[in-house]
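Order of the sequence lines fixes the chain letters, A, B, ..., with proteins taken first and strands second; residue numbering starts at 1 for each chain.
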There are 2 protein chains.
Amino acid sequence: MVEKQLNLSKNQKIIFDLIDKSPEPMKAYSILFNVQKKGIKAPLQVYRALDKLVEIGKIHKIESRNAFIACQNSSCQISKTTAFSICESCEKVTEIKDNKLAKYLTNFSDNTGMNYKKYNLEFFGLCKKCKRK
Amino acid sequence: MVEKQLNLSKNQKIIFDLIDKSPEPMKAYSILFNVQKKGIKAPLQVYRALDKLVEIGKIHKIESRNAFIACQNSSCQISKTTAFSICESCEKVTEIKDNKLAKYLTNFSDNTGMNYKKYNLEFFGLCKKCKRK
DNA sequence: CTTTTAAATGTTATATTATTACATAACGTT
DNA sequence: AACGTTATGTAATAATATAACATTTAAAAG
Ligand SMILES: [Zn+2]
Ligand SMILES: [Zn+2]
Ligand SMILES: [Zn+2]
Ligand SMILES: [Zn+2]
């Protein structure tokens, strides 16, 4: 599944490519370390690219881990509704793509009648692999 | 609704009382500043109390804000399932107490068949007051 | 009541995560 | 070319969180 990313700037592309290749969420200073050989030397350069990539939905921040993961779900580019599964043992993170869940949460309204176009849901448990141990 | 908290230690009680009185989520260093007159001088003392209070469900961490709020929902003492509404304008945070939502998420299983006893959900939007403006 | 163990505290230093401030360069539009 | 917008470079610093070690308090066991 090839995604267009022509609109990304130089730093944004370097940093997106790194995160996209990583099998696990990456932390900002780990990203910084990994892109120093490409000329990105300062934290701010990383955070600026991360902010933009989050804004356009190419990556997501795993809030409970202060780490970033590439989006696995094309619809995130137009919405801000995210759900993840996080293994508390090996820290594996998977983006949950479930239309029913998304619909349920998007239509959810609380006791004040308020509803929401944006949410972030993080599930915690043990992944298949870790459960076997 | 009086809650028992006899089991809290001195520092835990000082810090819980402060958070419980606050109308808004409190950040760790703001807590530290506020309890220095009571003899709690170092960040670690605050973080240790926060860790314990989170563990026993008396407070929750709002992950997207790095801030802490007192639990509004007695059932959180036995579960780790939390949901919040966050106003993106005034930063007001409310804990959502909704049995249907809790049931739906607790019973949710992802495409791998995995399910979860623990989750954190943060909804974002504008509160009533901010919507009027 | 005394011994033992676990939980909590105190203190210093340090690690990790993120932003402010200011200057410059590249890009897209008219 | 002139303009406004977005992105970049760089240095300094703020904000959040933990490591390491010594000591004290409280709970549990004998
Ligand atoms: Zn996504
Ligand atoms: Zn695992
Ligand atoms: Zn609660
Ligand atoms: Zn508001």
Donor-acceptor under 3.5 Å (B:Gln72 side chain, B:Glu95 main chain):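 No; zero donor-acceptor contacts below 3.5 Å.
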Whole angstrom value for the distance that separates [atom2] of [N] from [atom1] of [X]:
| X | N | atom1 | atom2 | answer |
| --- | --- | --- | --- | --- |
| A:Leu53 | D:dA7 | CG | P | 10 Å |
| B:Gln12 | C:dA7 | CD | P | 12 Å |
| B:Ile40 | C:dT9 | CD1 | C1' | 10 Å |
| B:Ile31 | D:dA17 | CD1 | P | 10 Å |
| B:Lys41 | C:dA13 | NZ | C1' | 17 Å |
| A:Glu55 | D:dT6 | CD | C1' | 11 Å |

N/O (side chain, [X]) to phosphate O (OP1/OP2, [N]) under 4.0 Å:
| X | N | result |
| --- | --- | --- |
| B:Gln45 | C:dG10 | yes |
| B:Ser9 | D:dA26 | no |
| B:Lys52 | C:dA8 | yes |
| A:Asn7 | D:dT6 | no |

Tell me yes or no: between the side chains of A:Thr112 and A:Asp110, is some donor less than 3.5 Å from an acceptor?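 Present: a donor and an acceptor within the cut-off.
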If hydrophobic clusters are built by linking Ile, Leu, Val, Met, Phe, Trp and Tyr wherever their side-chain heavy atoms come under 4.5 Å apart, do B:Phe16 and B:Phe33 end up in the same one?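 No, because B:Phe16 and B:Phe33 fall into different hydrophobic clusters, even though each may have its own neighbours under 4.5 Å.
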Residue B:Ala42, side-chain atoms from C-beta onward, closest of C:dT12, C:dT9, D:dT10: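 When the side chain of B:Ala42 is considered, C:dT12 is the closest of C:dT12, C:dT9, D:dT10.
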Once each nucleotide of nucleotides 15-30 of chain C is scored for protein heavy atoms under 4.0 Å, what B/S/- sequence comes out, 5' to 3'? --BBBBB---------
Decide if the gap between the ring center of A:Tyr104 and the ring center of B:Phe108 is smaller than 6.0 angstrom.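 Centroid separation for A:Tyr104 and B:Phe108: 6.0 Å or greater.
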N-O pairing of A:Glu122 and A:Arg65 below 4.0 Å: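 Judged by the 4.0 Å cut-off on N to carboxylate O distance, A:Glu122 and A:Arg65 do not form a salt bridge.
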Using side chain to side chain contact (heavy atoms under 4.5 Å, CB included), reason through A:Tyr116 and A:Thr81 one step at a time and then give a plain yes or no. CA-CA 9 Å; A:Tyr116 308 93; A:Thr81 59; over 6 Å; no
Within the 4.5 Å heavy-atom criterion, are B:Leu101 and A:Leu105 side-chain neighbours or not?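 With C-beta onward as the side chain, the pair touches.
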